[in-house]
Every structure is written in C-alpha cells, then in structure tokens.
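Since the model is a prediction, treat every value here as computed from it, not as a measurement.
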Amino acid sequence: MSTADERGTRTARWRRTLVLTAVFVCAACGLVYELALVALGSYLLGNTITQASVVLALMVFAMGIGSLVAKPLTRHAAVGFAVVEIVLAAVGGTSVLVLYAAFAWWSLYQPVLVVLALVIGLLIGAEIPLLMTLLQRIRRQEASSAVADLFAADYVGALLGGLAFPFVLLPWLGLLEGTAVVGAVNAAAGAAVALGLFRADVRRALRVALAAGLAVVMVALGLVATQASAFETTARQRIFRDPVVVAERSPYQEIVVTRSLRGDDTRLFLNGDLQFSSLDEYRYHEALVHPAMAGPHARVLVLGGGDGLASRELLRYKDVRSITLVDLDPAVVRLASTDATLRRLNHDAFADPRLHAVHADAFTWLRANQQQFDVVVADMPDADDVATAKLYSVELYGLVRRALAPGGRVVVQAGSPYFARQAYWTTAASLRTAGLSPTPYHVDVPSFGDWGYFLAAPGQAPPVRMPVGAPSTRFVDSGVLAAAGVFPRDRAPLRLAPSTLLDPRILQRQGDWRGY
C-alpha cells in the first residue's frame, strides 16, 4: 500500500471515529431528554409507571416514523443531520421548561407531554439513517458491519446518558439547567459534523445558515440555564395558593413549605402533595396516634412522619421510653428540626432524647430489623406510585407484624374512604392477609376531607378508644372515636383483593380527586 493510500486510510478511520463519537454523544443526549420528561411527570403527578409508559411508548413509536421521514434527507445527510440535531437540542433542551409552564399556567400538561414526546422521538429516529449514510460516505462497508458499529456507539452513549442523569445532572444542575446544558452539547455535536467533518460537502450559504441557527439555539439555551432559578420560583408560586417560603429538591423529592399572608397557615408539600396544614393537622395526628396508645406503649416505631408531628403526640406520653422514626429523606427531618415554624408545630420533637431518627427506606429497614415495638405508627405518603405502593403491601405489613411485641398494635393512615374508597379498603385486605386484624375508623380533616385509618393487631381486632391517662387533646375524645367507627351506606366496607409487591392493586384503586 502506498503512502497516500495509508494516509487516506488513517484519515477515513479518524473521520469514522469522530462520526461514531457524535453518535455516542447524541444518543446520551436523547436518553436524557426521555428521562427528564419521566422525572418531571413523577415530580408533578406521581404515578411513575404511567408517566414512563406514556413517554417511552410515544417516543419509540415516533422514532420509527422519524427513520422513515428522514429518507429524503439522506441525499444531503450532513446538512440534514445538523438541522435535526439543532432542532432536537432546541426542543429537548427546553422541554422541561415548556412542560412545567404548561402545568403551572395552562393546565395542559398531558397534551404538551404527548407533543414533546412525539417530536423528540421523531427527531431521534431521524438520526440513524442520516448517520448511516455519513459513515458509508467515509468508507463503504457491508451494511451489517456499519450497523454494528453504529448501534454499539448508540447503546454505549445511552448508557452514559442513563447514568449521568441521576448521578450528575440532577444533583449538580437540576432538571431545568441540566436539560439546557445537554441541549447545548447536542447542538454542538450535530453542527460539528456538518461544519467540521463534512465542511467540504456543504455550500457556503448553508454553512452560514447552520452557524446562525446554532448560535440562536445556544443563546436560547444559555438564557434557559441562567434564568432557570427565577423561572422555577415563578412557576412554583403559580402552583401553590400561598407564598412559598421554603423550596428545595432533595435526592428523593421536591420539598415546599408555604405560608399564608396572615401567617396562620403553614403547609408542607412533598412532590406537590399536601402533607399537612397547620390549621388542622392536630385533627389528623391526634386521630392517628392516640387510639394506638391504648395499651402498652413504651417502645414506639414511626414509619414516615419526618415532619415530627406524630412524634409530638407520642412524646406527650411520659411513659414512652423510646421512639424510633424511620424516614427515607433526611432533608425533611432536617427541615422539621431547624425551621422555626415547624419546630414550634412539632414542639421541637427532634430535640427530645427519646426520639431517634433513622434515614432509610421503611421496607428495607424492617427487613433487617430485630427489635420489637409496642406500637407501630405508619404515617406514610399515599400510594400513588410504585415506590409508595410497596409501603401498603401485604409484604410490608408482614414485616410490621414481625416487629410487634406481644400485645402490640399498628395504626396505618390509609387515605380517604370517600375519595379513594377502593384504595382504603384494599389496605384492610392487605392487613388481613398479613395476619393483622384491622379496625377501620375515619374523621374529618378539612384540608384533606374525610380521612381514614386502620388500627390493627394480630388476633382480635383492637377497639378504637382513648387510652387511660391520655394527655389533653384538642379534637379526639371518646365520643369522636365512637362516631369514627361508623361508615355511611355509600362508603360501606368493600371486600377486595390485597395489594402485593408484584401486584400493587392499590395503585389502580386511588379514586378520582378531580374537582376537589
């Protein structure tokens, strides 16, 4: 082989490597856009399975259409690829901003999600035939070999994007800034192919147009990244009725505290779901805690309850020797133990030496637990996604039963028997299947509506009553608890199948809260 041939081979190999690098980068960016849409949906609406299914199904469908639509562009593959990547960068890089705005201002989240998923999928699908054409122009090879090289780079790039999203982009940049930065990388990679590697194949006028388009998209994405914080603050305030006084995103959830202008109503929201209102939280927590304390209660386990309000009620019993609180998110506990208003509400519960906080997943912690408790208080978020559904499963209640000392009881906040009737009675079925006999009761909590609980124990179902020597209360008493066991005919008990880890039926039985 002559020196010229060797030089040509090396040049072709180098150019192919750069094209495959572009494949790698663009695949990583495409997967980040996909994951960002799923993540935002889970933050705003919960129900991660539904959000992921909708996004994945629409994008994969659109990718197939995009591959077909891109066929005419293969005649000008370099320009076509650059245009596709610049447009994809603009759409994908601003997708979170557009979707959040649609949710906050226009209540058009689902239609906008469908449009974005289809457009992004269409553009990602158009990449493959264009990149295949560019590879073959550099050096002709068998289709099977070219496809193998192309998809190897594509799949490895997807791996990078999938790992970078939760471990780098979310913790360091957040959704808004992260997608904007990824969009800028995406646009640069696409433009580099046409303006660098295949510059000689692109007319000067087209090069100028591509450079101008790249500049416009880069400026737009830069504005999104730099103004992300201000936009998020404005959009978040649009969502909540009262002024937002605390807002942070932990590795597990978005934490927001609002306070009314008069200062009399402080509210905690996790991923947009109301956890309590200071106006009436005492109703919820008194009804949750005091019936479970009728019996031995020296050792108490609280699952969830990171706001410290259930612990406040427990600590009012002088004969409680220890409380173990297991909450997944240390950010919630830190907020509840440092924020002046929350400390006042929970009576500085976390400063009491009897309370020991553990930051762990409740299910995982219970599996490893060797202790026994007189009372278990399950004060956990409603089951609106897979992560929370397991906290209402037969398997979890089986672990709770194992953790109960002789004569022990467990109380479970079980949602609304009015708005989510089937989900409420599903919890009863899950408790029974785990070997616990539940007693249902419900009270009115104005911020939540009609709210239900189950007090359960092995053997005979325990009565719902006030304990002897209970501290003074603002809401519950013997009369209230006697009435709490009465359910109207239109909310009478239902016999339903239980919810398990492999069949989380409670997710499909959450009811319809629209209009409330």
By side-chain hydrogen bond (donor to acceptor under 3.5 Å, both in side chains) - contacts of S260 (at least two apart): D264
What verdict does the side chain to side chain contact (heavy atoms under 4.5 Å, CB included) test give for V257 and L335, after you've listed the backbone C-alpha separation in whole Å, the side-chain angles of each residue and the deciding distance to 0.1 Å? CA-CA 10 Å; V257 177; L335 179 66; 3.7 Å; yes
Side chains of D379 and Y284: donor-acceptor distance under 3.5 Å anywhere? yes
Salt-bridge present (E395, R367; N to O < 4.0 Å): no
Just checking, any donor-acceptor pair under 3.5 angstrom between side chains of R259 and T341? yes
Has S393 got a side-chain atom pairing as donor or acceptor with T500's backbone, closer than 3.5 angstrom? no
Any residue meeting side-chain hydrogen bond (donor to acceptor under 3.5 Å, both in side chains) with D280, in chain and number order, not counting sequence neighbours: S447
Excluding sequence neighbours, so at least two apart, what forms ring pair (Phe, Tyr, Trp, His ring centres under 6.0 Å) with F269? F240
First locate atom CG of L270, then atom CZ of F276, and finally report the distance between them rounded to the nearest 0.5 Å. 9.5 Å
Quiz question: by atom type and distance under 3.5 Å, do the side chains of Q413 and W451 form a donor-acceptor pair? yes
Nearest heavy-atom pair of L31 and G161: which atoms, and what distance? CD2-C, 4.3 Å
Output all residues satisfying ring pair (Phe, Tyr, Trp, His ring centres under 6.0 Å) with F151, sequence neighbours left out; order by chain, then residue number. Y155
Expected output: side-chain T426 to main-chain S499 donor-acceptor under 3.5 Å: no
Qualifying residues under ring pair (Phe, Tyr, Trp, His ring centres under 6.0 Å), relative to F165, sequence neighbours excluded: none
Heavy-atom neighbours of Y109 OH exceed 12 at 6.0 Å: yes
Nearest-0.5 Å distance that lies between atom CZ in R137 and atom CE in M132: 13.5 Å
Y33/C29 under side chain to side chain contact (heavy atoms under 4.5 Å, CB included): CA gap, chis, key distance, verdict: CA-CA 6 Å; Y33 302 144; C29 296; 4.2 Å; yes
I'd like to check the ring pair (Phe, Tyr, Trp, His ring centres under 6.0 Å) partners of F231; sequence neighbours left out, ordered by chain and number. W105
Could I get the full list of salt bridge (Lys or Arg N to Asp or Glu O under 4.0 Å) partners for D503, not counting sequence neighbours? R505
OG1 on T179 to CG on L173, rounded to 0.5 Å: 9.5 Å
Any residue meeting salt bridge (Lys or Arg N to Asp or Glu O under 4.0 Å) with R509, in chain and number order, not counting sequence neighbours: none
Taking C-beta and beyond as the side chain, do V400 and L303 meet within less than 4.5 Å on heavy atoms? yes
Test side-chain hydrogen bond (donor to acceptor under 3.5 Å, both in side chains) applied to R249 - qualifying residues, sequence neighbours left out: E254
Provide the closest heavy-atom pair for A104 versus A235 in the form atom of the first, atom of the second, distance. CB-O, 3.7 Å
Give a yes-or-no answer on whether the side chains of Q253 and N271 include a donor-acceptor pair shorter than 3.5 Å. no
Return the set of residues passing side-chain hydrogen bond (donor to acceptor under 3.5 Å, both in side chains) with T364 (not counting sequence neighbours), or none when no residue passes. D361
Distance only, no hydrogens: is a donor on one side chain within 3.5 Å (strictly under) of an acceptor on the other, for D265 and S277? yes
How far does CG of D154 sit from CZ of F24, to the nearest 0.5 angstrom? 10.5 Å
Nearest heavy-atom neighbours spanning A117 and L58: CB-CB, 3.9 Å
Does this structure show an ion pair linking D149 with R16, if we count only N-O contacts that are shorter than 4.0 Å? yes
Please list, one pair per line, the donor and acceptor atoms closer than 3.5 Å that link side chains of residues 71-81 to other protein atoms, with sequence neighbours excluded.
unit_1 : atom_1 : unit_2 : atom_2 : d
T74    : OG1    : K71    : O      : 2.6
R75    : NE     : P72    : O      : 3.4

Using the test salt bridge (Lys or Arg N to Asp or Glu O under 4.0 Å), find all partners of E127 that sit at least two apart in sequence or belong to another chain. none
